[in-house]
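Step one of this worksheet: look at the structure below.
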There are 2 protein chains.
Amino acid sequence: MDWSIQEIAKLAGTTSRTLRHYGELGLLAPSRIAANGYRHYDERALVRLQRILLLRELGLGLPAIGEVLEGDAGEAHALAAHLGWLRQEQQRLARQIASVETTIEKLEGGERLMAEEMFDGFDHTKYQDEVEERWGKDAYAAGDRWWRGLGEAGQHEWKARAEALGRDWIAAAESGVEPGGPEGQALAKRHVEWLTGIPGTPAAKPGGDVKAYVIGLGEMYVADPRFGVNYGGTEGAEFVRDALRAYADREL
Amino acid sequence: MDWSIQEIAKLAGTTSRTLRHYGELGLLAPSRIAANGYRHYDERALVRLQRILLLRELGLGLPAIGEVLEGDAGEAHALAAHLGWLRQEQQRLARQIASVETTIEKLEGGERLMAEEMFDGFDHTKYQDEVEERWGKDAYAAGDRWWRGLGEAGQHEWKARAEALGRDWIAAAESGVEPGGPEGQALAKRHVEWLTGIPGTPAAKPGGDVKAYVIGLGEMYVADPRFGVNYGGTEGAEFVRDALRAYADREL
DNA sequence: GTTAGAACTTGACGCTACGTCAATGTCAAG
DNA sequence: CTTGACATTGACGTAGCGTCAAGTTCTAAC
């Protein structure tokens with residue numbers, strides 16, 4: 001007793017196309033192919049098909065299902081491995097949801113969503129090679145320890161202050177005042193305090209020469225558009241650079 | 001001031017292939033194409049690229065990002081819609097995880113994972129058309145009410161008893177005893193009690209003729225392989241059918 | 001001036017699990 | 001004999017690029 005491809009598809013709650021697909025993958029061969037080329041499936045094939053569909057509903061990939069059916073992998077073992085992957089996906093989704101939520105909040109608050117990129121410039125995992133090349137391996141390791149040492153709350157505060165600073169720099173640059181004037185110098189003071197205010201900040205690390213570091217940082221804001229963007233583009237970054245240089249020359 | 005495709009790719013933390021891909025999708029065109037065909041990107045392009053990458057990290061599709069960038073859709077609006085989809089995905093994953101976990105437990109308990117398919121045969125949503133055709137519309141509606149009325153716990157118990165019955169039927173059929181003998185008749189009695197034991201069971205519905213219903217059910221186990229599978233295939237189902245017929249003839 | 005090597009270009013296939021035509025052949029019923 | 005239902009193989013499309021492949025151009029060394 002066997003059935004045509006449509007019949008078995010309805011019995012199992014799937015489509016004939018799927019059955020052909022499984023056929024060419026080697027997952028489920030027809031039990032018989034008639035002289036006219038029509039596929040026919042018997043009861044054993046139905047049972048196998050039901051197992052396939054059950055595993056597929058659990059989210060297993062077809063190759064993994066194939067291994068289970070061929071006995072290459074224990075069913076429980078394959079499912080346990082799959083469970084790990086599912087949990088990872090769930091966590092990834094949870095993180096994404098959290099990110100989207102905070103982003104929406106920021107947008108509703110009228111912010112310009114700049115902190116992410118600003119922070120990316122310092123991200124220890126993403127730009128490790130580049131950071132090491134720019135500031136040296138020791139500086140990277142020290143910066144990494146420093147960042148981790150901040151903890152959740154500290155990191156959050158650091159980023160919040162970075163955002164506030166960025167907005168104020170942009171406003172100052174657009175207002176047309178001089179970088180060496182009182183507004184620019186006040187901002188430069190805040191900027192240096194932001195960099196050095198937290199104990200262990202990398203500002204103090206590369207040689208301990210804070211003055212050279214601050215000046216170099218200003219140059220970098222101009223040279224590296226990833227930072228420049230946070231200060232309103234190249235022109236804004238030039239304003240920051242000039243203000244920092246003037247401040248460093250006078251005060252540091 | 002602009003940069004080559006490789007430079008901008010490194011600056012933004014992506015690859016040149018991705019940039020070309022965005023180019024042909026119309027998401028991000030090079031700001032300039034030199035006489036030699038090389039792509040070049042300026043600062044505005046970099047900012048746009050960073051927005052694209054940020055939205056992409058949040059899980060938005062490239063077409064949706066395109067709409068946001070073209071101003072066709074508000075950023076917050078697009079993200080809110082996306083958030084709904086993310087939450088749905090998360091729930092789907094949660095259900096899948098739960099299913100995989102219970103499946104693993106069953107496997108470790110040595111069960112044969114039959115309950116799913118057995119239940120599928122009665123699933124009100126999946127096989128509604130077929131059930132209506134086989135038993136009539138009223139029977140379907142009644143069965144649906146009955147099943148919902150059981151509640152979580154009741155449904156679980158009903159399925160557990162179905163599984164236990166299936167195992168015992170298979171064992172009896174394989175032991176070689178007669179369907180009309182004491183073992184077969186004892187099982188038939190349990191089977192009917194299982195069907196009718198819960199108030200409102202559909203067994204009593206289709207006309208109230210329990211005897212005809214039980215006999216018809218036995219035939220269906222043989223005729224419909226989806227049920228037969230739960231009793232060890234066609235041969236097992238034939239054993240069940242014969243035992244049920246004998247029991248119905250004698251006792252009902 | 002030449003030449004090796006790096007960087008650039010435009011195709012085009014591959015991956016998941018099928019859905020969806022397209023063109024054509026087969027079978028049962030009227 | 002025709003019609004309609006059902007079968008076949010073949011091939012494209014999906015999301016977002018990774019990854020060759022084959023050919024051109026730039027750069028720096030010799």
Side-chain angles (χ1 to χ4, degrees), chain A residues 2-41 45 48-69 78 82 85-86 89 92-93 96, chain B residues 2-41 45 49 51-69 78 82 85-86 89 92-93 96:
Chain A
D2 55 13
W3 304 274
S4 77
I5 195 170
Q6 294 278 22
E7 290 169 343
I8 200 123
K10 279 184 194 163
L11 282 175
T14 182
T15 70
S16 58
R17 177 66 179 91
T18 298
L19 287 165
R20 277 194 285 270
H21 186 53
Y22 292 168
E24 61 190 58
L25 288 190
L27 261 186
L28 178 68
S31 56
R32 177 171 73 87
I33 295 189
N36 56 20
Y38 285 22
R39 292 169 172 80
H40 292 268
Y41 299 82
R48 188 177 170 101
L49 175 57
Q50 285 177 323
R51 278 192 72 189
I52 293 174
L53 294 177
L54 194 153
L55 291 173
R56 198 199 49 176
E57 280 187 17
L58 297 180
L60 260 78
L62 298 190
I65 293 178
E67 289 179 12
V68 170
L69 290 177
H82 180 53
W85 143 267
L86 282 177
E89 275 297 293
R92 200 177 57 77
L93 265 183
Q96 245 183 24
Chain B
D2 55 12
W3 303 273
S4 78
I5 194 171
Q6 295 278 21
E7 289 169 344
I8 199 124
K10 278 185 194 163
L11 282 175
T14 182
T15 70
S16 60
R17 178 68 179 88
T18 297
L19 287 166
R20 277 194 285 270
H21 186 54
Y22 293 168
E24 61 191 58
L25 289 190
L27 261 185
L28 178 69
S31 56
R32 177 170 73 87
I33 294 189
N36 56 19
Y38 284 23
R39 291 168 172 80
H40 292 269
Y41 300 80
L49 175 57
R51 277 192 74 187
I52 294 174
L53 295 178
L54 194 153
L55 291 173
R56 198 200 51 179
E57 279 187 18
L58 296 180
L60 260 79
L62 297 189
I65 293 178
E67 289 179 11
V68 170
L69 291 177
H82 180 53
W85 143 267
L86 282 177
E89 275 297 293
R92 201 178 56 78
L93 265 184
Q96 246 183 23

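In what follows, every chain begins at residue 1, and chains take the letters A, B, ... in the order their sequences are listed. Below, each value reflects all heavy atoms present in this structure, side chains not excepted, and no hydrogens, waters or symmetry copies. Predicted, not measured: the structure shown is a model, and the values here were computed from it.
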Worksheet item: So among B:Leu53, B:Leu54, B:Leu60, which one has a side chain to side chain contact (heavy atoms under 4.5 Å, CB included) with B:Arg56?
Response: B:Leu53
Worksheet item: Got a donor-acceptor contact below 3.5 angstrom from the A:His82 side chain to the A:Leu58 backbone?
Response: yes
Worksheet item: Quick one: B:Tyr41 OH to C:dA7 C1', roughly how many Å, whole number?
Response: 14 Å
Practice prompt. Describe the nucleic acid contact of B:Arg56 in one word from base, sugar-phosphate, nothing, applying a heavy-atom distance below 4.0 Å.
Written response: sugar-phosphate
Worksheet item: Looking at DNA chain D, which of residues 21-40 of chain B put a heavy atom within less than 4.0 Å of it?
Response: B:His21, B:Tyr22, B:Asn36, B:Tyr38
Item to complete: Write down the distance between CG (B:Leu55) and C1' (D:dA15), rounded to a whole number of angstrom.
Response: 17 Å
Discussion item. Nearest 0.5 Å, please: how far is CD1 in A:Ile52 from CD in A:Glu57?
Written reply: 13.0 Å
Worksheet item: Rounded to whole angstrom units, what separation is found between the CD1 atom of A:Ile65 and the P atom of C:dT16?
Response: 13 Å
Worksheet, complete the sentence: Residue pairs passing the salt bridge (Lys or Arg N to Asp or Glu O under 4.0 Å) test with at least one member in residues 22-40 of chain B, sequence neighbours excluded, are B:Asp2-B:Arg32
Item to complete: May I have the distance from A:Arg20 (atom CZ) to C:dA22 (atom C1'), rounded to whole angstrom?
Response: 13 Å
Worksheet item: In Å, rounded to the nearest 0.5 Å, how long is the span from CD1 of A:Ile65 to CD of A:Glu67?
Response: 11.0 Å
Item to complete: Have a look at B:Ser16 and say if it touches a base, only the backbone sugar-phosphate, or nothing, with a 4.0 Å heavy-atom cut-off.
Response: nothing
Write out a two-atom table: protein N or O, nucleotide N or O from nucleotides 18-20 of chain D, distance below 3.5 Å.
unit_1: D:dG18; atom_1: OP2; unit_2: B:Thr15; atom_2: OG1; d: 3.0
unit_1: D:dG18; atom_1: O6; unit_2: B:Arg17; atom_2: NH2; d: 3.3
unit_1: D:dT19; atom_1: O4; unit_2: B:Arg17; atom_2: NE; d: 2.9

Worksheet entry | Atom-to-atom span, CG of B:Leu19 to C1' of C:dT9 - whole angstrom | 14 Å
Item to complete: Hey, which sits more toward the 5' end of DNA chain D by its nearest nucleotide, A:Ser4 or B:Gly61?
Response: A:Ser4
Worksheet, complete the sentence: Separation of D:dG16 atom C1' from B:Glu57 atom CD, nearest Å, is 15 Å
Discussion item. From CG of A:Leu58 over to P of C:dA17, roughly how many Å is that when rounded to an integer?
Written reply: 14 Å
Practice prompt. May I have the step-by-step check of side chain to side chain contact (heavy atoms under 4.5 Å, CB included) for A:Ile33 and A:Tyr38, ending in yes or no?
Written response: CA-CA 6 Å; A:Ile33 295 189; A:Tyr38 285 22; over 6 Å; no
